[in-house]
Amino acid sequence: MIKRLWTAMASIRLTLWLLVLLTVNLFIGSFYAKAMPVFGKLNAQLFPSWLMAHNTGHNWWIFTLFGLLFLLAMNTAACTLERLSFLMRRRGQHRRTIFTLLLAPSIMHLCFLFIIGGHALTEFTGSKQRLPAEVGEQVSIEDLRITLLDRHYDYWQAPLLEGVMQQCTAILQLENGTSVEQREIAILEPIFWQGYTLHLGMAGKPGVDTLPPLQITVKKDPGLLPILFGNTVLCLLMLWYFPQIRKIRNGGQKP
């Protein structure tokens, strides 16, 4: 029974069916997301807190999405372990470089599991709060306090872009109960402090003659390290893998 279940879980056919079902699920869910603005709040809240405030029957496609993603992760893990087992039994039949090349796709799949697992860890165990980027605004998290002291807008000076906003920065006062420090934050330049990441972003589109509203997102991201690790290894591996494949196809090396 267990062997049959493992064989089914490690099936490529199951992978294809899951990808088809995910596509259908997301296609249907896109209509709900467009028709009901409440789903847009998922961009500002983690799923558990959003669900507590908006637990309705219209959420069914999100639960099926999580279920399908979980099955895809299990299927990927099973297929990868099967492939690794197969390769390890035959590692003596190939040169080291070729064996590493054969091993690379399986490592890429493991990176995918690290990435999706990190996102799940953050979504279900992390925290997220937002505050308007107005001078004097503050937010308290446990024994931590964050206060916005100042903000500044920079503009392009080039003739074609003169007067167009280039960057926004803010000065934050960070208190942890025993010390106080000031740090600068900017759009796309987050800071890390006491296990939290702080992001500065626009809360809306700027008007013709008005500055854009800003907000600061304070996020506890326990899945950040697995995500960064998976992405880093995946990118480095792909930078090495594809040139090697091209070299072999051009007759440079035989397995």
Side-chain angles (χ1 to χ4, degrees), residues 1-30 46-47 61-126 188 190 192 195 197 219-255:
M1 179 66 179
I2 296 179
K3 185 176 181 180
R4 291 178 61 184
L5 182 61
W6 177 263
T7 301
M9 186 59 67
S11 169
I12 297 299
R13 179 178 294 180
L14 176 61
T15 306
L16 296 175
W17 275 110
L18 287 173
L19 291 175
V20 170
L21 291 174
L22 276 168
T23 302
V24 173
N25 192 105
L26 288 170
F27 179 74
I28 296 174
S30 67
L46 297 178
F47 181 72
W61 65 275
I62 298 181
F63 291 104
T64 56
L65 175 63
F66 285 151
L68 290 170
L69 287 173
F70 175 77
L71 287 176
L72 182 62
M74 297 297 293
N75 172 250
T76 301
C79 290
T80 302
L81 291 175
E82 283 285 304
R83 177 65 176 171
L84 289 174
S85 177
F86 173 82
L87 290 174
M88 293 304 293
R89 291 195 301 267
R90 291 161 175 78
R91 63 184 180 275
Q93 301 177 12
H94 304 284
R95 293 189 297 274
R96 182 176 298 178
T97 302
I98 298 301
F99 177 71
T100 305
L101 194 64
L102 294 172
L103 205 62
S106 297
I107 300 176
M108 293 180 191
H109 286 122
L110 292 177
C111 291
F112 165 74
L113 293 177
F114 268 94
I115 294 168
I116 195 174
H119 281 292
L121 187 63
T122 292
E123 192 67 31
F124 291 99
T125 66
L188 298 180
F192 303 90
T197 55
K219 188 175 182 182
K220 190 171 186 179
D221 205 345
L224 181 61
L225 287 180
I227 293 171
L228 291 177
F229 175 79
N231 274 303
T232 301
V233 174
L234 181 62
C235 291
L236 292 175
L237 198 56
M238 291 175 69
L239 287 173
W240 173 82
Y241 177 76
F242 289 108
Q244 293 297 319
I245 289 293
R246 173 175 290 185
K247 182 179 178 181
I248 290 176
R249 289 178 177 175
N250 290 337
Q253 199 171 20
K254 302 291 182 183

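In this chain, residues are counted from 1 in sequence order. Note: hydrogens, waters and symmetry copies are ignored here, and every other heavy atom, side chains too, is used. Just so it is clear, the model here is predicted, and its values are computed rather than measured.
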Enquirer: With a 4.5 Å cut-off on side-chain heavy atoms, are Val20 and Leu16 touching?
Expert: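 The answer is no, as the side chains (C-beta and beyond) never meet within the 4.5 Å cut-off.
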
Enquirer: Report yes if some heavy atom in the side chain of Gln93 is under 4.5 Å from a heavy atom in the side chain of Phe99; otherwise report no.
Expert: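 Result no, sub-4.5 Å side-chain heavy-atom pair not found.
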
Enquirer: Would the distance check show the side chain of Thr64 and the main-chain N or O of Trp61 forming a donor-acceptor pair, the cut-off being under 3.5 Å?
Expert: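 Flag set: sc Thr64 to bb Trp61 pair under 3.5 Å.
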
Enquirer: With no hydrogens and no angle check, is any side-chain donor or acceptor of Thr122 less than 3.5 Å from a backbone partner on Gly223?
Expert: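 Side chain of Thr122 to backbone of Gly223: a pair is present.
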
Enquirer: What are the two closest heavy atoms between Arg83 and Ser106, and how far apart are they?
Expert: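 Closest pair (atom of Arg83, atom of Ser106, distance): CG-OG, 3.1 Å.
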
Enquirer: We want to know whether Asp221 and Thr197 form a side-chain donor-acceptor pair, criterion being a heavy-atom distance below 3.5 angstrom.
Expert: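 Absent: no donor and acceptor within the cut-off.
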
Enquirer: Mind checking the CG-CG spacing from Leu237 to Leu110? Nearest 0.5 Å is all I need.
Expert: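 With rounding to 0.5 Å, CG (Leu237) is 10.5 Å from CG (Leu110).
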
Enquirer: Any sub-3.5 Å donor-acceptor pair from Asn25's side-chain atoms to Leu21's backbone N or O?
Expert: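 Such a contact is absent between Asn25 side chain and Leu21 backbone.
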
Enquirer: NZ/Lys247 to CG/Leu101 distance, rounded to the nearest 0.5 angstrom?
Expert: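 Result: 10.5 Å between the selected atoms.
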
Enquirer: Evaluate the side-chain proximity of Leu113 to His109: yes if any heavy-atom separation is below 4.5 Å, no if none is.
Expert: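 No; the side chains remain at least 4.5 Å from each other.
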
Enquirer: Over all heavy atoms of both residues, which pair between Met9 and Leu71 is shortest? Give the atoms and the distance, please.
Expert: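 Looking at all heavy atoms of both residues, the closest pair is SD-O, 4.4 Å.
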
Enquirer: Name all residues meeting the side chain to side chain donor-acceptor pair (under 3.5 Å) criterion together with Glu123; count only those two or more places apart in sequence or in a different chain, and write none if there are none.
Expert: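 Side chain to side chain donor-acceptor pair (under 3.5 Å) list for Glu123, sorted by chain: empty.
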
Enquirer: Give the minimum heavy-atom separation between Leu102 and Leu87, together with the two atoms involved.
Expert: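 Minimum heavy-atom separation between Leu102 and Leu87: O-CD1, 3.5 Å.
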
Enquirer: Using the test side chain to side chain donor-acceptor pair (under 3.5 Å), find all partners of Thr15 that sit at least two apart in sequence or belong to another chain.
Expert: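 By the side chain to side chain donor-acceptor pair (under 3.5 Å) rule, Thr15 matches Asn75.
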
Enquirer: State which residues pass side chain to side chain donor-acceptor pair (under 3.5 Å) with Arg89; sequence neighbours excluded, sorted by chain then number.
Expert: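 Listed in chain order: Ser85.
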
